[in-house]
Amino acid sequence: MRKREKFGKFVLLDEIDQSGLGTEYRAAKLGNTGLEKIVSVLRLSSALSANGEAVKSLMDQVKFAAQLQNPNVVKIYGIGKVEASYYVSYEFLEGKSLRAIFNRCRQEGFPFSVDHTLLIASKVCSALEYAHGRKTDSGNRYYHGLVTPATVLVSYEGEVRMRGFGYWPSRIREAGGLGEDDMLYLAPEQAAGGPGDNRSDTFAVGAIL
């Protein structure tokens with residue numbers, strides 16, 4: 001959907017996607033001399049932005065996730081607030097989420113090739129292997145927790161990147177930030193109300209496969 005809206009230091013250009021978290025946009029980041037770069041902006045829903053405890057937890061988790069530097073992980077640029085809306089900005093990738101690709105394949109009856117499947121899965125595993133090698137401030141192994149087709153991005157040039165690090169540990173499910181599609185890829189221990197761990201990520205990759 002074409003849209004142009006001034007949003008703090010951004011101009012929201014196009015609506016890319018919607019989820020329980022909010023609305024994602026392709027946006028122009030403005031600097032002192034004009035356009036600085038094209039980025040993605042996730043504008044949290046009004047309900048989530050009004051939940052002070054959930055927002056604080058999410059912002060803290062995103063700050064940690066911003067430290068992740070890997071070719072298969074989407075770079076997080078910043079977090080902030082414009083009027084009553086909180087947002088997360090990250091690098092823009094010319095491509096589609098795996099969820100959008102799956103939907104297109106179903107609509108057109110076009111099978112997903114085995115070669116493409118294994119390539120994407122291997123890139124996702126590479127990103128997770130890197131993340132699992134890190135530890136949180138409490139000393140526990142880091143994990144994604146919300147590996148779904150929506151959090152896997154595939155560029156038109158064949159790059160595969162993971163996004164959404166920090167969302168699950170911030171307990172967005174309790175704040176109403178998960179959609180029904182997301183719930184399909186949760187490991188049993190997560191679906192039962194547990195926090196999950198790096199093994200939950202492995203389960204989710206298997207579910208996507």
Side-chain angles (χ1 to χ4, degrees), residues 10 12-27 29 37-45 48 55 57-80 86-103 119-134 136 142-173 175 177-179 181-186 190 196 198 200-202 204-205 207-208:
F10 305 99
L12 306 181
L13 303 174
D14 301 292
E15 183 178 314
I16 300 174
D17 197 9
Q18 286 192 349
S19 67
L21 285 170
T23 306
E24 180 187 353
Y25 299 93
R26 182 176 70 92
K29 182 182 179 184
K37 66 175 69 174
I38 298 296
V39 301
S40 289
V41 171
L42 173 64
R43 186 178 188 175
L44 300 186
S45 68
L48 197 55
V55 166
S57 179
L58 180 60
M59 295 298 104
D60 288 344
Q61 290 291 340
V62 168
K63 286 178 183 177
F64 185 90
Q67 301 174 32
L68 300 177
Q69 300 293 323
N70 182 271
N72 297 119
V73 175
V74 171
K75 295 178 183 176
I76 297 175
Y77 291 139
I79 54 178
Y86 286 88
Y87 70 86
V88 180
S89 67
Y90 47 94
E91 69 175 315
F92 176 73
L93 203 65
E94 288 279 4
K96 298 289 185 181
S97 71
L98 196 53
R99 178 175 65 183
I101 295 172
F102 283 168
N103 289 338
L119 174 63
I120 291 172
S122 69
K123 298 296 185 182
V124 170
C125 288
S126 178
L128 294 174
E129 181 182 30
Y130 164 76
H132 293 169
R134 299 179 64 88
T136 64
Y142 192 63
Y143 70 104
H144 189 290
L146 193 59
V147 179
T148 73
T151 59
V152 179
L153 297 180
V154 182
S155 80
Y156 295 135
E157 296 180 349
E159 296 177 273
V160 179
R161 306 273 184 92
M162 287 289 300
R163 64 179 176 181
F165 284 93
Y167 293 170
W168 178 263
S170 65
R171 304 183 71 82
I172 62 165
R173 176 172 61 177
L178 287 191
D181 288 348
D182 299 321
M183 301 291 287
L184 296 175
Y185 298 90
L186 295 181
Q190 292 177 291
N198 53 1
S200 306
D201 288 346
T202 303
V205 174
I208 290 175

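Hydrogens, waters and symmetry mates are skipped; everything else that's a heavy atom, side chains included, is used. Along the sequence shown, the residues carry numbers beginning at 1.
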Given Met59 and Val88, is the side chain to side chain contact (heavy atoms under 4.5 Å, CB included) satisfied, shown in steps?
CA-CA 8 Å; Met59 295 298 104; Val88 180; 4.2 Å; yes

Please tabulate, for the side chains in residues 68-78, all donor-acceptor contacts under 3.5 angstrom to protein atoms that are two or more places apart in sequence or on a different chain.
from	atom 1	to	atom 2	distance (Å)
Gln69	NE2	Ala66	O	3.4
Asn70	OD1	Asn72	N	2.8
Asn72	OD1	Ser126	OG	3.4
Asn72	ND2	Val160	O	3.0

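- Legend: residues meeting ring pair (Phe, Tyr, Trp, His ring centres under 6.0 Å) with Phe92, ordered by chain and number and at least two apart, are absent.
- Shortest non-hydrogen contact noted between Pro169 and Ser57 is O-OG, 4.4 Å.
- In this structure, the separation between OG1 on Thr23 and CG on Leu12 is 9.5 Å, given to the nearest 0.5 Å.
- Considering only residues two or more places apart in sequence or on other chains, Glu129 meets the salt bridge (Lys or Arg N to Asp or Glu O under 4.0 Å) condition with none of them.
- Taking Asn103 as the reference, Arg106 meet the side-chain hydrogen bond (donor to acceptor under 3.5 Å, both in side chains) condition, with sequence neighbours excluded.
- Summarising the geometry, atom CG belonging to Asn198 is positioned 5.0 Å from atom NE2 belonging to His132; distances are rounded to the nearest 0.5 Å.
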Expected list for residues 146-158: side-chain donor-acceptor pairs under 3.5 angstrom, two or more places apart:
from	atom 1	to	atom 2	distance (Å)
Thr148	OG1	Ala150	N	3.2
Thr151	OG1	Leu146	O	3.2
Thr151	OG1	Thr148	N	3.0
Thr151	OG1	Thr148	O	2.9
Ser155	OG	Glu157	N	3.2
Ser155	OG	Gly158	N	3.2
Ser155	OG	Glu159	N	2.9

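- Between Asp182 and Arg173, no side-chain nitrogen of the basic residue sits less than 4.0 Å from a carboxylate oxygen of the acidic one, so the salt-bridge criterion is not met.
- The CG atom of Leu42 sits 11.0 Å away from the CD atom of Gln18 when rounded to the nearest 0.5 Å.
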Full working for side chain to side chain contact (heavy atoms under 4.5 Å, CB included) between Ile38 and Leu13:
CA-CA 10 Å; Ile38 298 296; Leu13 303 174; 4.1 Å; yes

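- Considering OG of Ser40 and OH of Tyr87, their distance stands at 13.5 Å, rounded to 0.5 Å.
- Glu15 and Arg26 are not joined by a salt bridge, as no carboxylate oxygen comes within less than 4.0 angstrom of a charged side-chain nitrogen.
- Taking OH of Tyr143 as the reference point, atom OG1 of Thr136 lies at 9.5 Å (rounded to 0.5 Å).
- Checked against ring pair (Phe, Tyr, Trp, His ring centres under 6.0 Å), Phe165 has the following partners two or more places apart in sequence or in another chain: His144.
- With values rounded to the nearest 0.5 angstrom, Ile172 atom CD1 is found 7.5 Å from Leu48 atom CG.
- Salt bridge annotation for Arg163-Glu24: present, with a cationic side-chain nitrogen under 4.0 angstrom from a carboxylate oxygen.
- For Ser200, the side-chain hydrogen bond (donor to acceptor under 3.5 Å, both in side chains) partners two or more places apart in sequence, or in a different chain, are Glu189.
- Residues satisfying the ring pair (Phe, Tyr, Trp, His ring centres under 6.0 Å) test with Tyr142, not counting sequence neighbours, are Phe64.
- At a threshold of 4.5 Å between non-hydrogen side-chain atoms, the residues Tyr25 and Asp17 do not count as touching.
- Residues meeting the salt bridge (Lys or Arg N to Asp or Glu O under 4.0 Å) test with Lys123, sequence neighbours left out: none.
- Side-chain atoms of Gln61 and Trp168, non-hydrogen and from C-beta on, never get closer than 4.5 Å to each other.
- The shortest side-chain heavy-atom distance between Val205 and Cys125 falls under the 4.5 Å cut-off.
- Applying the salt bridge (Lys or Arg N to Asp or Glu O under 4.0 Å) rule to Arg134 yields no partners; only residues at least two apart in sequence or on another chain are considered.
- Every residue meeting the side chain to side chain contact (heavy atoms under 4.5 Å, CB included) condition with Ala207, not counting sequence neighbours, appears here in chain and number order: Tyr185.
- For the salt bridge (Lys or Arg N to Asp or Glu O under 4.0 Å) test, residues two or more places apart in sequence or in another chain that qualify with Asp60 are Lys56.
- In this structure, Val39 and Tyr90 have side chains that are not in contact, with every pair of non-hydrogen atoms separated by 4.5 Å or more.
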